[in-house]
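A short write-up of the structure that comes next.
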Amino acid sequence: MKFLVTGACGQIGSELVPVLRQRYGRYNVVVSDIDTTRLMTVFDEPSVKADVTIRKEIENVIEAYDIDVIIHLAAILSARGEENPSLAWRVNVEGLYNILEIAREYDLDMVFIPSSIAVYGPETPDNPGDIAIMRPKTLYGISKVLTELLGEYYYMKYGLDVRGLRLPGVISWKAKPGGGTTDYAVEAFYHAILRREYVFWVRPDTRLPMIYMPDVLKAFIQLIEADDNKLTVRFYNVQGMSFSAKELEEAIRKYIPDFKAYYKPDPLRQKIADSWPKTIDDTRARRDWGWRPEWDLEKMTVDMIENLSKMLLKQ
Ligand code: SER
């Protein structure tokens, strides 16, 4: 199997690519991004600068490397998408369409695309499962509903194997997230370690579903390798934990006792956070392909502080 990973230099790609290369062989995982500088510093060859909004650039990579599977990570997240809707449209909608059309034309084996809790909205009932009311209020969320619906459509109409995880906020230390509403759950650790204080951009009672990167990586591999016969939907909820900003503050303070937290809700990101569910139900992923998270708030906090301190304080 030969993979192309788009948006490889982002938070997820930076950690997923090494895992894929370890498992399937370095030359079977081609990485692409529009950020050439990061592409060259973060990854070994094979790596290609490619813009998902330009179909020809992606087609060239598919042909040159004889790709079988696209892992399509390139996306503009929720908060950045509200600040720059036309960019979000181009990358998240036109880019998505390019990827699906190319996969269909070249008869690829699979397209794997992350979805997000951003597909949900205020009308969604508590703890939604995979099939629930989805009336998102952000362009990012709308583009992820489109991702899911088009993915299902290509699967039914053309037999293209499109699948993906509906991810909550992703917490990790190796590469920073960018432009997301849930990024405070990562930033808080950076600030706690470097400055002993952090100003949360949400209220203390803001509770959202989250997941730690090792669980994300495990879920990617499990779902990529899952037998298609076992799948009963194309996009699966996965959740590692759910905590409020206040609970995160307290968890960090257990290990950094002089950590001070302040709260200054940002109207844009608070509104987005308030429109998302506090927890999501991932029973179907557990049942269909054996998903089981290993990281909770306490365990993640210890690991984040340990690894991030090593990384930041040695610089
Ligand atoms: N972490 C993402 C965001 O906040 C949610 O998918 O936009």
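Residue numbers count from 1 along this sequence. Order of listing sets the numbers, starting from 1, for every ligand and every atom in it.
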Check: What's the verdict on side chain to side chain donor-acceptor pair (under 3.5 Å) for R269 and S78, showing C-alpha distance, side-chain angles and the deciding distance?
Finding: CA-CA 9 Å; R269 287 177 288 193; S78 59; over 6 Å; no

Next item on the list: Take Y212 and D303, measure what side chain to side chain donor-acceptor pair (under 3.5 Å) needs, and give me the verdict at the end.
Entry: CA-CA 10 Å; Y212 194 37; D303 199 67; 2.7 Å; yes

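Shortest non-hydrogen contact noted between P293 and R286 is CD-NH2, 3.4 Å.
Applying the salt bridge (Lys or Arg N to Asp or Glu O under 4.0 Å) definition to pairs two or more places apart or across chains, those involving residues 85-105 are R55-E105, E101-R104. Evaluation of the side-chain hydrogen bond (donor to acceptor under 3.5 Å, both in side chains) test over residues 61-77, restricted to residues two or more places apart or in two chains, returns T6-H72, E63-Y106.
Clustering of Ile, Leu, Val, Met, Phe, Trp and Tyr by side-chain heavy atoms under 4.5 Å joins Y140 with L77.
A heavy-atom cutoff of 4.0 Å around ligand 1 is satisfied by the protein residues L77, S78, S116, Y140, G180, T181, T182, W276.
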